[in-house]
Amino acid sequence: MEHTAFFCCAKTDSAQIPYQVEICSVTPAACAAYMDQERFRSLCEDGCPNYGRKWSCPPYAPLFTDFTAKWKYLYVLFLHTDMSNFAYIKNDYLKIKAANNILKSRADRFIRRMAGLHGSSISTGSCRLCKPCKCKQDLPCAHPDIMTYSFEALGIHVGRMVEDCFHKPLLWYRRHALPEYTSVVCGILTSERLSMEYLEERYKKQCVC
């Protein structure tokens with residue numbers, strides 16, 4: 001299992017936010033060990049407003065093993081930043097929102113580009129190509145070839161995967177309890193073996209700011 005980690009800085013109108021990018025190479029078959037589809041489908045049904053209202057979400061999302069069957073390699077990306085970097089924002093919820101926007105926008109931009117060059121991707125959350133999703137209008141997906149799915153939607157226990165790959169727990173925002181850091185997780189699927197040096201170089205060229 002190969003791994004790399006490097007720091008980047010996101011420049012915003014209000015601050016320069018340092019964050020870390022970690023990448024771990026696995027195989028889809030190895031990652032399938034983290035599947036717990038019934039549990040996550042049940043959690044989505046009970047607690048997520050997107051359940052049954054987005055084509056990229058349960059119950060419409062495919063099995064992880066079906067979605068990844070044609071690919072040999074999976075490069076998992078774990079981006080995280082310390083919440084102390086957002087001291088200039090007074091409201092804790094807005095701190096989390098700002099941090100996640102920074103991380104998600106850069107991660108999604110990178111994996112879309114890499115998917116176009118090398119294969120496919122697993123996104124940081126539900127598909128955001130159409131607003132609203134055609135599912136809400138009882139219409140077919142407008143972009144089935146490029147619609148994206150998250151690890152959770154595919155039935156993967158992301159917390160266990162992150163701890164095994166990166167030796168860090170996922171931390172969550174709770175009211176009146178700001179976590180030490182926040183993070184996003186996504187992946188690149190390909191049948192090409194990509195070096196850690198190449199992935200780091202491509203990321204820094206595209207998402208350095």
Side-chain angles (χ1 to χ4, degrees), residues 1-7 19-51 54 56-83 96 99-100 102-104 106-108 110-111 114-115 119-127 148-175 177-191 193-194 196 199-200 203:
M1 187 186 298
E2 293 182 277
H3 173 268
T4 190
F6 52 93
F7 282 95
Y19 66 98
Q20 189 168 29
V21 180
E22 298 191 56
I23 306 174
C24 180
S25 67
V26 295
T27 64
C31 193
Y34 301 108
M35 282 183 63
D36 196 349
Q37 189 186 38
E38 289 308 312
R39 177 189 177 195
F40 284 95
R41 179 163 294 187
S42 177
L43 288 171
C44 289
E45 185 175 10
D46 292 342
C48 181
N50 289 330
Y51 183 86
K54 277 196 168 189
S56 62
C57 294
Y60 308 117
L63 285 169
F64 174 82
T65 45
D66 292 340
F67 183 69
T68 62
K70 66 182 287 187
W71 307 110
K72 292 182 179 179
Y73 304 106
L74 170 60
Y75 295 90
V76 181
L77 280 78
F78 177 52
L79 281 67
H80 50 95
T81 185
D82 288 353
M83 294 314 303
I96 286 288
N100 285 336
I102 286 171
L103 297 179
K104 283 187 175 184
R106 284 156 179 79
D108 284 341
F110 178 64
I111 63 171
M114 296 303 287
S120 187
S121 65
I122 298 174
S123 66
T124 59
S126 61
C127 185
T148 59
Y149 303 97
S150 68
F151 277 108
E152 293 91 344
L154 296 170
I156 294 296
H157 193 311
V158 178
R160 285 174 46 209
M161 180 181 71
V162 166
E163 290 207 28
D164 286 351
C165 290
F166 304 106
H167 309 294
K168 293 183 179 71
L170 289 182
L171 302 180
W172 306 99
Y173 169 74
R174 302 184 190 282
R175 193 174 181 183
L178 196 67
E180 178 186 350
Y181 57 85
T182 191
S183 58
V184 299
V185 183
C186 55
I188 301 163
L189 288 161
T190 180
S191 291
R193 191 172 185 86
L194 307 176
M196 294 292 112
L199 290 167
E200 179 176 343
Y203 186 93

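From Ile96, atom CD1 reaches atom CE of Met83 across 4.0 Å, with rounding to the nearest 0.5 Å. Rounding to the nearest 0.5 Å gives a distance of 9.0 Å between CE of Met161 and SG of Cys24. Atom OG1 of Thr81 is separated from atom CD of Glu180 by 11.0 Å, given to the nearest 0.5 angstrom. To the nearest 0.5 Å, atoms CD (Glu45) and CG (Asn50) are separated by 13.5 Å. In this structure, Leu74 CG and Ile156 CD1 are separated by 9.0 Å, a value rounded to the nearest 0.5 Å. Taken to the nearest 0.5 Å, the OG atom of Ser42 stands 8.5 Å off from the OH atom of Tyr51.
Between Met196 and Ser25 the shortest heavy-atom distance is CE-CB, 4.0 Å. Smallest separation of non-hydrogen atoms from Ala5 and Glu22: CB-CG, 3.7 Å. Considering all non-hydrogen atoms of both residues, Ala32 and Phe64 come closest at N-CE2, 3.8 Å. Taking every heavy atom of both residues into account, Ala61 and Arg41 meet most closely at O-NH2, 3.7 Å.
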field: Pair Arg193-Tyr73, side chain to side chain contact (heavy atoms under 4.5 Å, CB included): steps then yes or no
entry: CA-CA 7 Å; Arg193 191 172 185 86; Tyr73 304 106; 3.6 Å; yes
- prompt: Can you list the steps and then say if Val162 with Val185 is a side chain to side chain contact (heavy atoms under 4.5 Å, CB included)?
  reply: CA-CA 8 Å; Val162 166; Val185 183; 3.7 Å; yes
message: Using the rule given for side chain to side chain contact (heavy atoms under 4.5 Å, CB included), can you reason through Arg106 versus Val184, listing the C-alpha separation, both sets of side-chain angles and the distance that settles it, and then say yes or no?
response: CA-CA 10 Å; Arg106 284 156 179 79; Val184 299; over 6 Å; no
Phe67 and Ile122: CA distance, side-chain angles, deciding distance, side chain to side chain contact (heavy atoms under 4.5 Å, CB included) verdict: CA-CA 10 Å; Phe67 183 69; Ile122 298 174; 4.1 Å; yes
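Residues passing the ring pair (Phe, Tyr, Trp, His ring centres under 6.0 Å) test with Phe166 are His3, Phe78, sequence neighbours excluded. Under the ring pair (Phe, Tyr, Trp, His ring centres under 6.0 Å) criterion, Tyr173 pairs with no residue, sequence neighbours left out.
Contact annotation: the side chain of Ile23 never approaches that of Glu200 to less than 4.5 Å [non-hydrogen atoms, C-beta and beyond]. Annotation: side chain of Lys72 is not in contact with side chain of Thr27 (no heavy-atom distance under 4.5 Å). Between Met35 and Leu63 there is a side-chain heavy-atom pair separated by less than 4.5 Å. Residues Leu170 and Ser183 are in side-chain contact: their nearest non-hydrogen atoms beyond the backbone lie under 4.5 Å apart. Looking at heavy atoms from C-beta onward, Lys168 lies in side-chain contact with Tyr181 at the 4.5 angstrom threshold.
Using a 30° and 60° split on the angle between ring planes, Tyr19 and Tyr203 fall in the perpendicular class, above 60°.
Checked against the 6.0 Å centroid criterion, the rings of Tyr34 and Phe151 do not qualify as a close aromatic pair.
With hydrogens and angles disregarded, a donor-acceptor distance shorter than 3.5 Å links the side chain of Ser123 to the backbone of Tyr149. Judged by distance alone, the side chain of Tyr75 and the main-chain N or O of Leu194 form a donor-acceptor pair under 3.5 Å.
Among Ser56, Cys127, Cys186, Ser126, the single residue meeting the side chain to side chain contact (heavy atoms under 4.5 Å, CB included) criterion with Thr148 is Cys127.
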